[in-house]
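Comments concern the structure below.
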Amino acid sequence: MTLLEVRGLGVSYRSGGREVPAVRGVDLTLDRGETLGLAGESGSGKSTLALSLLRLLPAGTRVEGQVRWEGEDLLTAKWSRVRAVRWAGASVVFQGALSALNPVRTVGDQICEPIVLHEGATRREARRRAGELLESVGVPVRRLDGYPHEFSGGQRQRIMIAMALACRPDLIIADEPTTALDVMVQAQILQLLADLVKEERIAVLMISHDLSVLAQMCDRLAVMYAGQLVETGPSAQLLTDPRHPYTRALAGAFPVIGDPASRRAPSGLPGDPPNQAQLGAGCAFAPRCPEADADCRTGAVQLWPAGPGRDAACLRVLPDGVLPDGALRDGAAERPADGADAVPAEPGGADATGERAGEQAEEQAAPQPAAGTSAGGQS
Amino acid sequence: MSASAPASAAGPTASAGPAEAAPAALEVRGLTVVHPPRGGRGPARAVDGVDLRLEQGEILALIGESGCGKSTLARALVGLTRPTSGEVLYRGTPLRYTGSALKAYRRHTQLVLQDPGGALNPRQTVFDAVAEGPRLHGLKEGLEERVRSALSRAGLRPPEDFLARYPHQLSGGQQQRVVIAGALALDPAVVVADEPVASLDASVRGEILQLVLRLRDELGLSALVVSHDLGLAWNIADRVAVMYLGRIVEVGTVEDVLLRPVHPYTRALLSVLPGPDRGRRPTVLTGEAPDPTAVPAGCRFHPRCPAWAALDGPGREAAGCTVRELPVLTADPGAGRQAACHLVDAAADTPAGGAGTAGAPGGAAQAPGAEDGRG
Amino acid sequence: MTAPGTRADGTRADGTRADGAPADGLRADGAPGPAPAYRPPRAAALRRFARAYLARRAGAAGLGILVLAALLALTAPLYIGDGQLDVTRVDGPLLAPPSGAYPLGTDHAGRSVLLLTVWGARSSLAVGCVATVLTVLLGSAVGLVAGHYGGRLGRALMHVTDWFIALPSLPLAISLAAVIGQGPVSITIAIAVTSWSATARLVRAQTIAVGARPFVERARALGAGEAQVMFRHILPNVTPIILVSATLTVASAILSEATLTFLGLGDPTDVTWGSMLSAALSQGAVTYGAWWYLMAPGTAILLVVLGFTLTGRTVEHLLNPRTGGAS
């Protein structure tokens, strides 16, 4: 059974008497030993998405859709069940390791706590296991009785990972785990996570704005913009051959050294992230998109197959002559048949993302025809 | 490379000759900054003997891990930190640390900080933040016009829309542009930027870097950009200086240093750059950034050096990394690429002082440790 | 937050996306000519501040209380004659409960409690305000200097502050009264001397925190001297804590004044809220069940303290660009 399956997840906050969507219609799957990277700029909803998986969002946040943990929907499950998943199933590693650690307790105590609480271990057993965990993340066991401030930033992040591992989770959600760290320390942490995935078959959901870090760490990537997934696929392909202009901008932000195209030519993305309370019709990215035309501003977009195992929410990935509404009526699985060029999609291979288009089709059918009428002229 | 280089005569690629003629925009000679002992530790040698030149119209990237002294060096360059020894020269004139001399100096040299949110006073409007420099220097005439022009040069257009805003009403990228506009309002000759994009989103990063490049191209600004990000150097810099534990360990043009690195530390930094190529094995140095209160004898990098670790007993003895002091790399850009490494010296068979002066790719190829890291 | 008058900047913040169209607030009160005024003139800014202030109900209520109290206190001599407060000349019933003639009842000597309370405001407010001004000035100056310059000077100042923190206020006030003589002056000095150290500590901590923020370094790099850093950057960001400290101090000063007078350190001939409470207790108001005698000065103290607190909070709210936006 799939470890984690997210279907049509939507999250909205109440702000000033209005519902402001933060995450809209997100589908994801993640299995044991898999690594998925979630990319996007601040405000794109990526952290909200991660927190909503374990129902860690503040009260008053509206969450819809399904988050299936081994088939069971956590959003409707009992609190006791959610708590069980939180400590035994999935752990979160947060960005600021200093603020996430309690400054007045030793790290040993803090690692032991969940082991004692949830596994019923004795203090002695828990301490032994805490020592092993520290060792496994590369911190000497003798530092078990140290306080957080006595450790460097990289070591604190390792300790956070050790804490996350304390109850042998199946999934680690890492929210910007290396953002505040130096390149060398970042490399150490990434290597540590990669080894964990390999040895313990832990699934990792890693969140970052740095596409190159995600690409190094994860098998698959999902790029988020304005609360929606705009592109998913194998990480190397996404980085080297992005299909969505936003992914292209993110990928271009971190140059490949030696690539003459980026020498003295930093690439950036003009404009600011959209205010999600004021999204109009059409593609949310259109106002900043260098390639946007009239169709993009009027027609709604959704993830369409964009190659083997890949999807992108951009009108450009639709083959010539295929109208968005046509694609919707026929369902995503059949559409590539008449899409002659460039999109040899194999719906089966598009794990968990292939069937999505069909699901979203119904809700989005309404605004479509308007786009369809004018989409004919698009190249 | 010189195709898009600045028009300035003393371009980074210029040979030793013209470098003598035009004084460097900014130069440091034998600079050391020692922080007094604290909390039971010895004095911290944050900057420990650095010679460096920033030519006019040049963008120089200063790369290193946190704690290597790069931020201290940047602050010494703008006169915020007084060096323990050595001197800072602006257009060939040594900086004096008197109130009026410093104030005059600060008209010409500006600092841009990492965290734009923190660098702006939350109780000042954009206008006041940008006007601060001109006001401090008594440039009251045409103040408004000056502020407007600085804002639009920094890419905040139309400036009227921003004048009355407060920092918290701006996005991170806009805040950094305001900080840059605040620097530009004084028409400086040199900008020292400390991690100008480290706290910004990936999508904004390129925009700010483009701005730095454009300011150099259009205004002839010289810029020293401090960063831990080698990609930034590739994106905008003419030359790179790699710093480790208070010293420059490798310096040269971006192409030389980033494409044909010779110092094992530079190689390691390059190898750990994240990317989609997951097959390669990066040279991950163990341990944290080194401690400036306990600088190792000999080559200060040897405890973490993969090239030294790869040597056998007799080889280590011959190399003498643990005992022989390394010379300070010269500031003269005409000297070409240089690296402070005994192993490179030995391999390239050049006298220690002139280390990498050969600067040829051949030297790089011969350097030990060349096999690892880069595919 | 919801005050309509404060949203001029807020709309601009929201309008980020719709660039090109400058928010109307920007040009509405602008100077003549094509150049839009980026900052309204001082008078207009004050007007805007006043509007925003009055739009906040808590602030308006607080200010209302204070204005009323001040007016009553200042105009008291116009309608309260000596005859009404002189124990030897009044002729009302003793400890009579509230009635038409005496809305708040009478005291043990037959004086109107209402008139006593109004008269008492004069001394209580004066002592409270003067003591607060002294406290805040001294405390802020010491805190700012100690926090900003640090080093030997800062440490020395903090040692002195610690010494004053350790000083017990009551014995000090009693000694001062003995030296200077009883009365409002010695009470004011006693309050100021014992309470400035807390303000100094608070301001110093905030000064150090603000001084470590990058915008201070940026200002130095731009060429700002110590004074400019202090007045343009540190002080505006320390002001909220000074304001909060001032509202707390004024409240505690009025209470201290009452306490010290209650203990008999005030001028025995003067009527203050503290002396009223003291007299009420010593003259057996509790035994007679004369609640009105205690209630009036007590409520007056409570209301004035509340007024200062509400006012201080509103001012801080509006001065903070993040929450207020009117500057």
Side-chain angles (χ1 to χ4, degrees), chain A residues 39-44 138 151-155 178-188 190-191 194 208-219 234-240 246 249-259 262-273 288, chain B residues 1 3-5 59 63-68 155 170-174 197-213 228-238 254-255 258-259 268-278 282-289 304 374:
Chain A
E41 59 201 325
S42 48
S44 64
F151 295 85
S152 67
Q155 282 175 320
T178 62
T179 297
L181 303 175
D182 260 318
V183 270
M184 197 55 75
V185 183
Q186 166 174 290
Q188 294 167 1
L190 291 181
Q191 207 167 49
S208 178
H209 71 284
D210 185 337
L211 213 56
S212 56
V213 166
L214 292 179
Q216 160 135 351
M217 178 67 210
C218 303
D219 310 319
S235 52
Q237 289 180 29
L238 236 73
L239 201 63
T240 51
Y246 180 62
L250 279 189
F254 295 93
V256 177
I257 289 178
D259 173 13
S262 57
R263 178 74 182 119
R264 287 219 177 81
S267 74
L269 184 63
D272 294 307
R288 294 170 82 184
Chain B
M1 109 157 238
S4 57
I59 298 181
I63 302 288
E65 290 172 273
S66 57
C68 75
L170 304 173
S171 68
Q174 289 172 333
V197 293
S199 63
L200 300 178
D201 253 323
S203 53
V204 184
R205 177 186 179 279
E207 291 276 291
I208 297 293
L209 294 183
Q210 275 171 8
L211 172 62
V212 175
L213 259 186
H228 66 272
D229 177 3
L230 288 164
L232 177 148
W234 179 257
N235 265 162
I236 61 169
D238 304 310
V254 166
E255 282 77 4
L258 296 190
L259 299 183
L269 281 183
L270 278 162
S271 80
V272 298
L273 281 183
D277 178 13
R278 303 170 69 195
T283 314
V284 178
L285 300 178
T286 52
E288 305 287 334
R304 295 173 83 193
R374 304 176 35 77

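In the text below, chain A, chain B and the rest are named by the order of the sequence lines, each starting its count at 1. Just so it is clear, the structure is predicted and the values come from calculations on it, not from any experiment.
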Check: Quick one: of Ala268(B), Ser203(B), Gly231(B), who has the most non-hydrogen atom pairs under 4.5 Å with chain A?
Finding: Ser203(B)
Next item on the list: Give, as side chain, backbone, both or neither, the part of Gln191(A) having an atom under 4.5 angstrom from any heavy atom of chain B.
Entry: side chain
Notebook entry, point to check: Where is the tightest heavy-atom contact between Trp234(B) and Ser262(A), given as atom of each residue plus distance?
Noted result: NE1-OG, 3.1 Å
Next item on the list: Go through His209(A) and Arg205(B) one step at a time and tell me if the side chain to side chain contact (heavy atoms under 4.5 Å, CB included) criterion holds.
Entry: CA-CA 11 Å; His209(A) 71 284; Arg205(B) 177 186 179 279; over 6 Å; no
Item checked: Toward chain B, the part of Gln237(A) with a non-hydrogen atom under 4.5 Å -> neither
Checklist line | Side-chain heavy atoms of Met184(A) within contact of Arg304(B), under 4.5 Å | finding: yes
Notebook entry, point to check: Does the side chain to side chain contact (heavy atoms under 4.5 Å, CB included) test come out yes or no for Glu207(B) and Leu269(A), once each step is laid out?
Noted result: CA-CA 7 Å; Glu207(B) 291 276 291; Leu269(A) 184 63; 5.6 Å; no
Notebook entry, point to check: Does any heavy atom of chain A fall under 4.5 Å from the side chain of Leu200(B), the backbone, both, or neither of them?
Noted result: backbone
Checklist line | Residue pair Asp229(B), Val183(A): steps toward the side chain to side chain contact (heavy atoms under 4.5 Å, CB included) verdict | finding: CA-CA 7 Å; Asp229(B) 177 3; Val183(A) 270; over 6 Å; no
Check: Are any non-hydrogen side-chain atoms of Ser212(A) and Leu273(B) less than 4.5 angstrom apart?
Finding: no
Checklist line | Nearest-0.5 Å distance that lies between atom CG in Leu258(B) and atom CZ in Arg263(A) | finding: 7.5 Å
Notebook entry, point to check: Non-hydrogen atoms of chain B under 4.5 Å away: do they reach the side chain of Ala249(A), the backbone, both or neither?
Noted result: neither
Check: Quick one: of Leu230(B), Ile59(B), Asn235(B), Asp201(B), who has the most non-hydrogen atom pairs under 4.5 Å with chain A?
Finding: Asn235(B)
Checklist line | Under 4.5 Å from any heavy atom of chain A - which part of Leu213(B) | finding: side chain
Next item on the list: Examine whether an atom of Val284(B) lies under 4.5 Å from a heavy atom of chain A, and if so say whether it belongs to the side chain, the backbone or both; otherwise answer neither.
Entry: both
Item checked: Trace of the side chain to side chain contact (heavy atoms under 4.5 Å, CB included) decision for Asp238(B) with Arg264(A) -> CA-CA 9 Å; Asp238(B) 304 310; Arg264(A) 287 219 177 81; 2.5 Å; yes
Checklist line | Contact summary for Pro266(A) and Gln210(B), nearest pair of heavy atoms | finding: O-NE2, 2.6 Å
Checklist line | Taking every non-hydrogen atom, the tightest pair across Ala253(A) and Ala202(B) | finding: CB-O, 3.2 Å
